[in-house]
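Below is one structure; the comments refer to it alone.
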Amino acid sequence: MEEEAWNKEIVPRVLQLVSQRQRLGLRDLCTLLLLSPSCYHALLSHHHLWEPRYQHVKYLNLEFAQDIEDKHVMQLKGKSLMDLRSLNLNGCQKISDDGIEAVTAACPNIRIFSIYWNVRVTYVSVKHLVNNCKEITELNLSGCKKISVGSWQLIADHYSKLEVLNLTRCIKLTDNGLQQILLYCPMIMSLNLYALSSLTDNAYQMISFLTNLRFLDLCGAQNLSDQGLSSIAKCKNLVSLNLTWCVNVTDVGVLALASTCTSLEYLSLFGITGVTDKSLEALSRSCSATLSTLDVNGCIGIKRRNRNELLELFPKLRCFKVHS
């Protein structure tokens, strides 16, 4: 009985006295939240003790906070975090479309939104995002396998200023969906399409529209042909290109790449059997001054691929293997 009275009467009273003199720092706040249920509930009932300070937070990272649920972010309803610019919900797998509605409504000015590895969110979440957050420039939906048809058109229609887009393992992405994004989001500088084996050259050829593109990950793009890669080669500002397991690529595509992309620093040709020493020689002529990472492991058509031979062609190489 004494402990119950302490929790119900003394703890709230102490917090009230403290709140009249100062506001809690982040470390103290987190410590008290974890101390006991009574502290947790008392803090929630004394918003003025901590809330005003965090209204001006600009970056919020909840990555892999796996106990965060919809009921937690729903407490943001009716509140406004106008200064928040970056929200990371990566790995928060218990958050659903309802949670996304609440959090995006409270944070209308975010520019960076990341929700990697969430298999609950759907098209509805994307709809909430584009309706509530108009200024998104970086979007990470990697591993969100339930996001489907209609989502891509929403992104294309609302985020013309998008600069960074990660659609890794968004398995319901179609050629048409990607084409819409590429057509209406021309400012993209970083595009991750890792592990999307169903896409074809119909979409890949339109990557050439992204004249500012610097980073491109096409690992596992089994349908990418030399024709598609030749179109991608028009992105002359490419610095990083992952072509791991792009098994239909040959020297023809890599030669087109070497002729225009002279600023490459990172290139993976891992597992591509259709490229030969001819590709390396062409890349050496164009990229020897910049290339620091080159993976040609598994490229059985390339004979000069031991460390010393590669260093003769690319003296700035520091990394020779990026896949295992």
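Heads up: numbering here begins at 1 and tracks the sequence.
Residue Phe215 places its CZ atom among more than 12 non-hydrogen atoms of other residues, nucleotides or ligands, all under 6.0 Å distant. Around the NZ atom of Lys71, the shell of radius 6.0 Å holds no more than 12 heavy atoms that belong to other residues, nucleotides or ligands. With a 6.0 Å radius and a threshold of 12 heavy atoms from other residues, nucleotides or ligands, Arg120 has its CZ atom above the threshold. When the shell of 6.0 Å around OH of Tyr194 is examined, it contains 12 or fewer heavy atoms from other residues, nucleotides or ligands. Atom CZ of Arg111 has more than 12 heavy atoms from other residues, nucleotides or ligands within 6.0 Å.
Using a 4.5 Å heavy-atom threshold, the side chains of Ile232 and Leu218 count as touching. Considering only heavy atoms from C-beta on, Asp295 stays 4.5 Å or farther from Leu269 through its side chain. At a threshold of 4.5 Å between non-hydrogen side-chain atoms, the residues Glu163 and Ser190 do not count as touching. Counting heavy atoms from C-beta outward, Val296 and Leu310 have side chains that approach closer than 4.5 Å. Residues Tyr159 and Leu165 form no side-chain contact, since every pair of their non-hydrogen atoms from C-beta on lies 4.5 Å or further apart.
Note: Leu154 CG to Leu129 CG = 9.5 Å, rounded to the nearest 0.5 Å. The CE atom of Met206 lies 4.5 Å from the CG atom of Leu183; values are rounded to the nearest 0.5 Å. Considering CG of Leu210 and CE of Met189, their distance stands at 11.0 Å, rounded to 0.5 Å. Atoms CD and OG, from Glu312 and Ser288 in turn, are 13.0 Å apart once rounded to the nearest 0.5 Å. Annotation: the span from Leu283 atom CG to Asp277 atom CG amounts to 11.5 Å, rounded to 0.5 Å. Atom CD1 of Ile171 sits about 10.5 Å away from atom NZ of Lys146, to the nearest 0.5 Å.
No donor-acceptor pair closer than 3.5 Å links the side chain of Arg214 to the backbone N or O of Asn212. The backbone N or O of Leu280 lies less than 3.5 Å from no partner atom in the side chain of Ser284, so there is not a single donor-acceptor pair. Side-chain N or O atoms of Thr290 include one that pairs as donor or acceptor with a backbone N or O of Leu264 at under 3.5 Å. Thr260 contributes a side-chain N or O that, together with a main-chain N or O of Ala233, makes up a donor-acceptor pair within less than 3.5 Å. Side chain of Ser286 to main chain of Ala258: a donor-acceptor pair is present (N/O by atom type, distance under 3.5 Å, no hydrogens or angles). In terms of modelled atom types and a separation under 3.5 Å, the side chain of Asn297 and the main chain of Phe270 share no donor-acceptor contact. Between the side chain of Lys134 and the backbone N or O of Val130, at least one donor-acceptor pair lies under 3.5 Å. Under the 3.5 Å distance criterion, the side-chain polar atoms of Arg169 are left unmatched by any main-chain donor or acceptor of Leu167. Counting only distance, with no hydrogens or angles, the side chain of Asn118 and the backbone of Cys92 share a donor-acceptor pair below 3.5 Å. No donor-acceptor pair under 3.5 Å is formed between the side chain of Asn242 and the backbone N or O of Cys219.
Ile300 belongs to no hydrophobic cluster, as no Ile, Leu, Val, Met, Phe, Trp or Tyr side chain comes under 4.5 Å of its own. Tyr116 shares a hydrophobic cluster with Phe64, Trp117; the chain of contacts runs through ILVMFWY side chains whose heavy atoms sit under 4.5 Å apart.
In summary, the side chains of Asn166 and Thr168 do present a donor paired with an acceptor at a separation below 3.5 Å, with no hydrogens or angles considered. If you check the side chains of Thr200 and Asn223, you find no donor sitting under 3.5 Å from an acceptor.
Between Leu213 and the choices Ile207, Val239, Asn237, the side-chain contact (heavy atoms from CB on, under 4.5 Å) rule is met once, by Ile207.
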(request) Quick one: do Asn88 and Asn90 satisfy side chain to side chain donor-acceptor pair (under 3.5 Å)? Show the steps, please. (result) CA-CA 6 Å; Asn88 185 339; Asn90 289 344; 3.2 Å; yes
### Task
Take Asp175 and Gln179 through the side chain to side chain donor-acceptor pair (under 3.5 Å) test and state the conclusion after the steps.
CA-CA 6 Å; Asp175 276 352; Gln179 286 171 330; 5.8 Å; no
Check your understanding: Can Ile272 and Cys246 be said to form a side-chain contact (heavy atoms from CB on, under 4.5 Å), step by step?
Key -> CA-CA 6 Å; Ile272 303 178; Cys246 295; 4.3 Å; yes
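Val254 is not connected to Val252 by any chain of hydrophobic side-chain contacts under 4.5 Å among Ile, Leu, Val, Met, Phe, Trp and Tyr, and they are in different clusters. Residues Val119 and Ile115 are members of separate hydrophobic clusters, defined by side-chain heavy-atom contacts under 4.5 angstrom among Ile, Leu, Val, Met, Phe, Trp and Tyr. One hydrophobic cluster, built from ILVMFWY side chains closer than 4.5 Å, holds both Tyr184 and Leu139. Residues Leu193 and Met187 are members of separate hydrophobic clusters, defined by side-chain heavy-atom contacts under 4.5 angstrom among Ile, Leu, Val, Met, Phe, Trp and Tyr. Hydrophobic clustering (side-chain heavy atoms under 4.5 Å, transitive across Ile, Leu, Val, Met, Phe, Trp, Tyr) keeps Leu62 apart from Met74.
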